[in-house]
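One structure is given here, and the rest of the page talks about it.
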Protein chains: 2
Amino acid sequence: MDNLLKYIRSLTSFSDRSWELLQPVLTKKEFKKNELLLRQGQVCNSLFYIDNGYCKSYYEIDGVVKNTGFFFENEIATNINSFGDGQKSEFNIVACEPLTTIIFNKDKLFQTAQQANEIETLGRNCIRLFATKQEEFSTLFKLYSAQERLEYLEVKHPEILQRVSLSQLASFLGVARETLSRIRKRRVLE
Amino acid sequence: MDNLLKYIRSLTSFSDRSWELLQPVLTKKEFKKNELLLRQGQVCNSLFYIDNGYCKSYYEIDGVVKNTGFFFENEIATNINSFGDGQKSEFNIVACEPLTTIIFNKDKLFQTAQQANEIETLGRNCIRLFATKQEEFSTLFKLYSAQERLEYLEVKHPEILQRVSLSQLASFLGVARETLSRIRKRRVLE
DNA sequence: TCAGACCTGTGATAAACGTCACATAATTAT
DNA sequence: ATAATTATGTGACGTTTATCACAGGTCTGA
């Protein structure tokens, strides 16, 4: 839980009292590699704080897997739309490695947040980080070519390139696996 | 202010008392067509509730304008990253029509939110909507081709196609103006 | 240690797209 | 009303990308 407390305090001021109040909201949970955190069609009632390992969100359309996000240590993974609105999720979240998470239960979180403003503020800040990340990757496609998107990741998010295989990365970058392989080859030669 | 109150109450329970407390946070402001709401390099200290008209966010890179978002009535326009973190904005927001907005002042909003939990919850929900929208458009690029992205807008966001010119829409969809023109022609003939 | 699954690279080919050039609306300003 | 500006359509051409096919490499579990 140490990592989580540090993470929270990097976002917002958080008293020991708030941390105590938050405890009943939290559950530690481990996932095996390839185990699902969230399944398409389910409603997402959790925020998954990633303590160790990483996971990804993906759509499965006509049997083809399309990766839409990767989530590493000290990030929150969730379906923000499903979590907020109670709608069924259109995508899956799966552990890409053995994964240790701390789960925020939605109902308990909302109850507790009504009583403790610091917890409400924490929730706002978690969502803000999530929104910032989405905006960042959304903008990539509007500003840059496939090769430039790869270069952007090399500079700004090298951890993704180090830990995610080329095949997995391709759909996230919006190109075919073969194309990404060729782009990478060009980059090495240049 | 009527529209704003309805908007707020569609998001979260909001007492008359909270609405009173919120008043000092709010300022009505009109923008002329092509007037900037936010300039690149500035820090964003406002949430712009769109009461009437619409605006867009855009990057200007090597003299070329790239549109990244459109914001219509009953939406909040802002730079979520700049607003939350105090970083300088990398993009502009400009009125595309004569625009009526209600501005939330950041400092006053945060002060007031500390005293009234309903206002903190409102902030969380506004950001949540923002995150959901970003995620939606980010996913489009990973799942669909340019033509499919256009079809998606036709079904899910026809208001964008009705109000935004083809040239403006092109960079938002991540294609050249000429390509979008040809895609549209194909769609009409099919 | 061996088979099966997954990952990466590469060639061939067709399709999609970007860019430049220019013509023709449509809109706006004077 | 008319000129200027902006928006759209279209052809030509080169570049980038998707798709299919297949070979070789790596990892993993029986």
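All chains are named by letter (A, B, ...) in the order of the sequence lines, taking the proteins before the strands, and each is independently numbered beginning at 1.
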Anything under 3.5 Å between a protein N or O and an N or O of nucleotides 14-21 of chain D, put it in a table, one pair a line.
residue, atom, partner, partner atom, Å
D:dA18, OP2, A:Ala176, N, 3.0
D:dA18, OP2, A:Thr179, OG1, 2.6
D:dT19, O4, A:Arg182, NH1, 3.4
D:dC20, N4, A:Glu178, OE2, 3.3

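The listed nucleotides are C:dC7, C:dG9, D:dA7; the one nearest the side chain of A:Ser167 is C:dC7.
Of the side-chain N and O atoms in A:Ser181, none sit less than 4.0 angstrom from OP1 or OP2 of C:dT8.
As a whole-Å value, the separation of A:Lys142 NZ from C:dG18 C1' is 20 Å. Rounded to a whole Å, the CG atom of A:Leu166 is 18 Å from the P atom of D:dG25. Atom NZ of B:Lys185 is separated from atom P of C:dA16 by 15 Å (rounded to the nearest Å). Between the P atom of C:dA16 and the CZ atom of B:Phe141 lies a distance of 18 Å, rounded to the nearest Å. Atom pair B:Arg184:CZ and D:dT10:P shows a separation of 10 Å (rounding to whole Å applied).
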Item checked: Chi angles and distances behind the side-chain contact (heavy atoms from CB on, under 4.5 Å) call for B:Ile76, B:Tyr7 -> CA-CA 10 Å; B:Ile76 301 274; B:Tyr7 171 77; 3.4 Å; yes
Next item on the list: Please lay out, stage by stage, how A:Glu75 and A:Leu129 fare under the test side-chain contact (heavy atoms from CB on, under 4.5 Å).
Entry: CA-CA 9 Å; A:Glu75 285 188 90; A:Leu129 284 190; over 6 Å; no
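Checking A:Glu151 against A:Gln147 by side-chain atom types alone, a donor-acceptor pair falls below 3.5 Å. B:Glu120 and A:Thr121 share a donor-acceptor pair across their side chains, judged by distance under 3.5 Å alone.
Using the six-membered ring where Trp is involved, B:Tyr59 and B:Phe91 have ring planes that are tilted, between 30° and 60° apart.
For residues 158-170 of chain A, the set of pairs meeting the salt bridge (charged side-chain N to carboxylate O under 4.0 Å, His left out) definition, not counting sequence neighbours, comprises A:Glu73-A:Arg163, A:Glu97-A:Arg163.
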